[in-house]
Amino acid sequence: MPKVQVTSEGTLFQYEATEGSNFLLEAISESIPIPFKCTKGNCAKCYVKITCGSDHLSEPTEREYHHLGDEGLAEGNRLACQCFVYGDVEAVIEPR
Ligand code: FES
């Protein structure tokens, strides 16, 4: 099972994800404090920075290109609600 690590304000959260699961929904079920509102790619509140394993996530969606742009995606930013996890991933929730 994929290992997911998320750092938020200096606290490291770790869990084993179900392969193919939605990054945001599974993180919420693990009590990880990712801000979110819509869960549908509309609000852009759920952005995270992927620091390792970006190739273990699903391809960016049209909604992610819209909100983050090519530059934001190239910097590792993703909308957690638009990502599906297929391997080990490390991410940081940056201060809002
Ligand atoms: S929760 Fe709204 S874009 Fe992800």
Side-chain angles (χ1 to χ4, degrees):
M1 288 176 49
K3 291 191 177 76
V4 177
Q5 295 186 358
V6 180
T7 302
S8 174
E9 297 184 359
T11 301
L12 175 65
F13 299 86
Q14 301 182 74
Y15 63 95
E16 290 195 344
T18 303
E19 188 166 341
S21 62
N22 180 276
F23 192 133
L24 177 65
L25 297 182
E26 193 141 32
I28 292 169
S29 74
E30 296 286 337
S31 301
I32 294 173
I34 299 182
F36 71 98
K37 191 170 178 186
C38 71
T39 73
K40 298 182 188 328
N42 294 326
C43 71
K45 291 195 179 303
C46 64
Y47 69 89
V48 295
K49 188 177 203 70
I50 306 301
T51 55
C52 193
S54 60
D55 54 338
H56 294 160
L57 295 174
S58 53
E59 291 294 313
T61 66
E62 202 172 293
R63 304 303 303 162
E64 292 181 275
Y65 278 105
H66 172 75
H67 287 294
L68 303 171
D70 289 336
E71 195 174 321
L73 288 164
E75 290 171 353
N77 296 312
R78 296 292 304 266
L79 298 180
C81 73
Q82 300 292 290
C83 297
F84 293 86
V85 178
Y86 294 99
D88 295 357
V89 173
E90 295 177 23
V92 174
I93 302 171
E94 299 190 315
R96 305 300 202 242

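Remember, it's 1-based here, ligands and their atoms both numbered in the order they're listed. Basis for what follows: all heavy atoms, side chains included, without hydrogens, waters or symmetry-related copies. This chain uses plain numbering: 1 for the first residue, then up along the sequence.
Closest of all the heavy-atom pairs between Pro35 and Pro33 is CD-O, 3.4 Å. For the residue pair Leu79 and Ala44, the shortest heavy atom distance occurs at CD2-CA, 3.8 Å.
A donor-acceptor contact shorter than 3.5 Å is absent between the side chain of His67 and the backbone of Cys43. With Glu26 contributing its side chain and Thr18 its backbone, the two residues share a donor-acceptor pair below 3.5 Å.
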Which pairs of donor and acceptor atoms, one on a side chain in residues 81-94, lie under 3.5 Å apart (sequence neighbours left out)?
residue, atom, partner, partner atom, Å
Gln82, OE1, Thr61, OG1, 3.0
Asp88, OD1, Lys3, N, 2.8

Decide side chain to side chain contact (heavy atoms under 4.5 Å, CB included) for Val6 and Phe23; before the verdict, give the C-alpha distance in whole Å, the side-chain angles of both, and the deciding distance to 0.1 Å.
-> CA-CA 11 Å; Val6 180; Phe23 192 133; 4.2 Å; yes

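Here the protein contributes Cys46 SG, Cys81 SG as N, O or S atoms under 2.8 Å from atom 4 (Fe) of ligand 1.
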